[in-house]
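Side chains included, hydrogens not; waters and symmetry mates left out as well; all remaining heavy atoms used. What you are looking at is a predicted structure, and each value in this text was computed from that prediction instead of being measured. Quick note on labels: first sequence line is chain A, next is B, and so on, each numbered from 1.
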4 protein chains.
Amino acid sequence: MDTGEQILQAALGQFSRRGYHAVSIRDICGEVGIRESSLYYHFKNKRALLDALLGRFAEKAGRFTSLLDEGMAQLTELEDEVFLRVGTGYVQGYLLDPEILAFFGMLRIEREHDPALAALYREWYFDRPLQFQTRMFARLSQTGRFPAGQEQRLALLYLAPILFLYEREFPLDSAEARARLLEAVRRHLEDFLKEHHP
Amino acid sequence: MDTGEQILQAALGQFSRRGYHAVSIRDICGEVGIRESSLYYHFKNKRALLDALLGRFAEKAGRFTSLLDEGMAQLTELEDEVFLRVGTGYVQGYLLDPEILAFFGMLRIEREHDPALAALYREWYFDRPLQFQTRMFARLSQTGRFPAGQEQRLALLYLAPILFLYEREFPLDSAEARARLLEAVRRHLEDFLKEHHP
Amino acid sequence: MDTGEQILQAALGQFSRRGYHAVSIRDICGEVGIRESSLYYHFKNKRALLDALLGRFAEKAGRFTSLLDEGMAQLTELEDEVFLRVGTGYVQGYLLDPEILAFFGMLRIEREHDPALAALYREWYFDRPLQFQTRMFARLSQTGRFPAGQEQRLALLYLAPILFLYEREFPLDSAEARARLLEAVRRHLEDFLKEHHP
Amino acid sequence: MDTGEQILQAALGQFSRRGYHAVSIRDICGEVGIRESSLYYHFKNKRALLDALLGRFAEKAGRFTSLLDEGMAQLTELEDEVFLRVGTGYVQGYLLDPEILAFFGMLRIEREHDPALAALYREWYFDRPLQFQTRMFARLSQTGRFPAGQEQRLALLYLAPILFLYEREFPLDSAEARARLLEAVRRHLEDFLKEHHP
DNA sequence: CATGAATGAGTGTTCATTCAT
DNA sequence: AATGAATGAACACTCATTCAT
């Protein structure tokens, strides 16, 4: 891994744990094992580090959601088993993905300082997932598994508890917290299915 | 208003917007209109400012919740009208209260740096409201308005969307954002009632 | 004891232990139990505290030495017993007197900053004792106990080891150190007598 | 001379004149001609300056004393001429060496604040020289030049007056003071020899 | 590619002092 | 006599950044 990449990894790790402002160039360089002045060969300034990371985030999150979209397109019938797998997959493969977790951790802090980051956070944390779930339930209403005309409402009732349970366990740095979260999410999904049996 | 109080107000405002670490003593004193050295006449150090604010928060939040408890004790029958008023009251009188809003803003940022603050945030933002709503639905199941044995689930489905809508509108500094939030919350509450008509 | 006196006592204690510069007005007032601003009713500024203490010191040291002079005037014959008692009395009653110890402790530090204090230190720590001992040995040479014409030399050989042993035990805050010092001084005095038996 | 060395020299000079605590980073940087922040490139913090100086002191003092030991080992007979040269050499080459003078000046002030420095001062100012002189007189008693069995006493009578005269002339910044000191020391040494002619 | 060396701006904090009350 | 409130200057130290090598 070349130095630039090492720097980015270190920066992401530290930004996500302690926030952009609380992390110093010294901290990052200390982890990488280079001098502070050397960092400026790879990045124009501290802000450029953040920007590079934000670019990666958008790309990674985009990849994940288009993957979801493709998956949804192939669905024709939904068994409950699949429904559960999709829901926990969202948590395990996205919300708990170390890099995504780090990105949101960073954004959650930094959105206070920067409207652009606030917009980014809202888009990828609230709006896009909500839109996806809405489309999802629209699709599922065609199979008869969920009632039609209530897609937005269903998406909210589906998603909000997941994020509630997710945020409540912050910071998710212990395996116990993660297990607790997954268990609570699974229960929520099962209850959700029970409430909406056709 | 005496200087100590002015300092606390300024500190709360800035901490909530940018976080404890990102705010300097200079920033606070600049807003109050005193020199930095003068602040140290009123508070031992920067941390003492935070502690004083945390004390206030716990007190204020405690007052609000015990008020809610008293209110609940007096309920005998629940008309939908009252249910709506209680829900929007929680948002308007608590979540949107400028001081509470500021406190949670501050905690939301600082919990990343301080486990004690993380615990405080979880307690007052997630756990206590959830417990209260659980008790509420237990009480309402006695009146027959809501099914028995599902209090926890009901509380989650009731509360999570409210916080989802609330956080999505951050920072709530414009009247439009607040109106948008209240409208969305009201819609959620009405839907909630419809779904659970006895 | 009135407040002014309390302040002086506290100041002397702290100056002697930690030096004038290292002691803050806060420290002194904290010990006395008054506010910093109150101190300025009693003393013009911090330096005035030092000056007041220096005045006392000169007075006290002067009293002690004129006492010694009177004592010497009454001596007609010197038994070794008396010689020993005078020597240990100089250490116990003067060098180890808590106030004198404090004064010299303070002067030893502060003389670096202030030529006047350097002069004061030299006068009372080196020159006056040396002069006194010189007069003493001049007197004793009349009794035949010590040889004539060597008063200065005798005074130096008598005094220097005492101060050597004294300073070597700094800081003299434990009873053990004081006992160790007195024992070493007594041995020096006995040897001194033996070397100069007539 | 590189910047780090310049900083150390300036620090030693100022510490010795005014004591570690009374000297600010600003003072040192002002003398060197760099900004305060630059100092931190060379030294971790203010204490690190002191530690570096203490290390040098121990090394230099150690070098000097082992030199003395070697010199003593080669002595077979002692002529008075040599005795005088050794004594004045101790004053001129050690006590008056600018760096040693500065080190002791610093230690003399700071030992009040720091037990570790107090121990260092006692060791190199009192104990080691006393031990060396004791060994010296033990060696000389074999040549018959000094009586046996009184080495400790002789060392004290030899050394204490030197230190007495030395300290009395503080601060030794004028050539006159140094000359006065050397003259007084020479007189002491000559008297010492006279008193102990075999 | 990397570093040694430097810097200006800023950090929280302590200090002796003033002055109206 | 004493204090509440304030202040300018100083303190040790950190920061992101620059630039010649």
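Residue B:D2 is the one, among B:D2 and D:Y20, whose nearest nucleotide of DNA chain F lies closer to the 5' end (criterion: closest heavy atom). Each of D:A22 and A:A22 lies near DNA chain F, and the nucleotide nearest D:A22 is the one positioned closer to the 5' end. Nearer the 5' end of DNA chain E, as judged by each residue's closest nucleotide, is the contact made by A:L39, out of C:I25 and A:L39. Between C:Y40 and B:S24, the residue whose closest nucleotide on DNA chain E is further toward the 5' end is B:S24.
Closest non-hydrogen pair, B:F15 versus B:I109, comes out as O-CD1, 4.2 Å.
Between E:dT13, E:dT14, F:dC11, one nucleotide has an atom nearer to the side chain of C:R26 than all others, and that is E:dT14. Taking every side-chain heavy atom of D:K46 into account, F:dC13 is the closest of F:dA6, E:dT13, F:dC13. With F:dA2, E:dA5, F:dT17 as the choices, the nucleotide that has an atom nearest any side-chain atom of D:H42 turns out to be E:dA5. Nearest to the side-chain atoms of D:S38 among the listed nucleotides F:dA5, F:dA2, E:dA6 stands E:dA6.
Here the P atom of nucleotide F:dC15 and the CD atom of A:Q14 are 12 Å apart, to the nearest Å. Residue C:N45 contributes atom CG, which lies 7 Å from atom P of E:dT18 at whole-angstrom precision. Rounded to an integer number of Å, the gap from CD1 of A:I28 to P of F:dA16 is 8 Å. Separating the CD1 atom of C:I34 from the C1' atom of F:dA2 is a distance of 8 Å, rounded to the nearest angstrom. Atom pair D:E36:CD and E:dA6:C1' shows a separation of 13 Å (rounding to whole Å applied). F:dT7 atom P lies 10 Å from atom CD1 of B:I7, rounded to whole Å. Taking atom NE2 on B:H21 and atom P on F:dT14, their separation rounds to 15 Å, with Å as the unit. Remark: P of E:dA6 and CZ of D:F43 are 12 Å apart, rounded to the nearest angstrom.
Between B:Y41 and F:dA5 there is a side-chain polar atom (N or O) within less than 4.0 angstrom of OP1 or OP2. A close approach under 4.0 Å does occur between a side-chain nitrogen or oxygen of A:R35 and OP1 or OP2 of E:dG4.
Geometrically, A:R108 engages A:Y125 in a cation-pi contact, judged by NZ or CZ lying under 6.0 Å from the ring centre and within 45° of the ring axis.
If you check every strand for non-hydrogen atoms under 4.0 Å, A:V23 touches sugar and phosphate atoms only.
Nucleotide E:dT21 is matched to F:dA2 when pairs are restricted to Watson-Crick or G-U wobble geometry with both distances under 3.5 angstrom. Nucleotide E:dT14 forms a pair with F:dA9, judged by Watson-Crick or G-U wobble geometry with both contacts under 3.5 Å.
Separating the CG atom in A:L8 from the OG1 atom in A:T3 is a distance of 11.0 Å, to the nearest 0.5 Å. With rounding to the nearest 0.5 angstrom, the CZ atom of D:F43 is 9.5 Å from the CD1 atom of D:I28.
Under the 30°/60° scheme for interplanar angles, the aromatic rings of A:Y121 and A:F126 are found to stand perpendicular.
Spacing of C1' atoms, E:dC1 relative to F:dT21, comes out at 12 Å, to the nearest Å.
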* To do: Any chance you could lay out the side chain to side chain contact (heavy atoms under 4.5 Å, CB included) test for D:F57 and D:L12, step after step, and finish with the verdict?
  => CA-CA 10 Å; D:F57 167 67; D:L12 176 57; over 6 Å; no
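Below the 3.5 angstrom threshold, one finds a donor paired with an acceptor across the side chain of B:S37 and the base of F:dG8.
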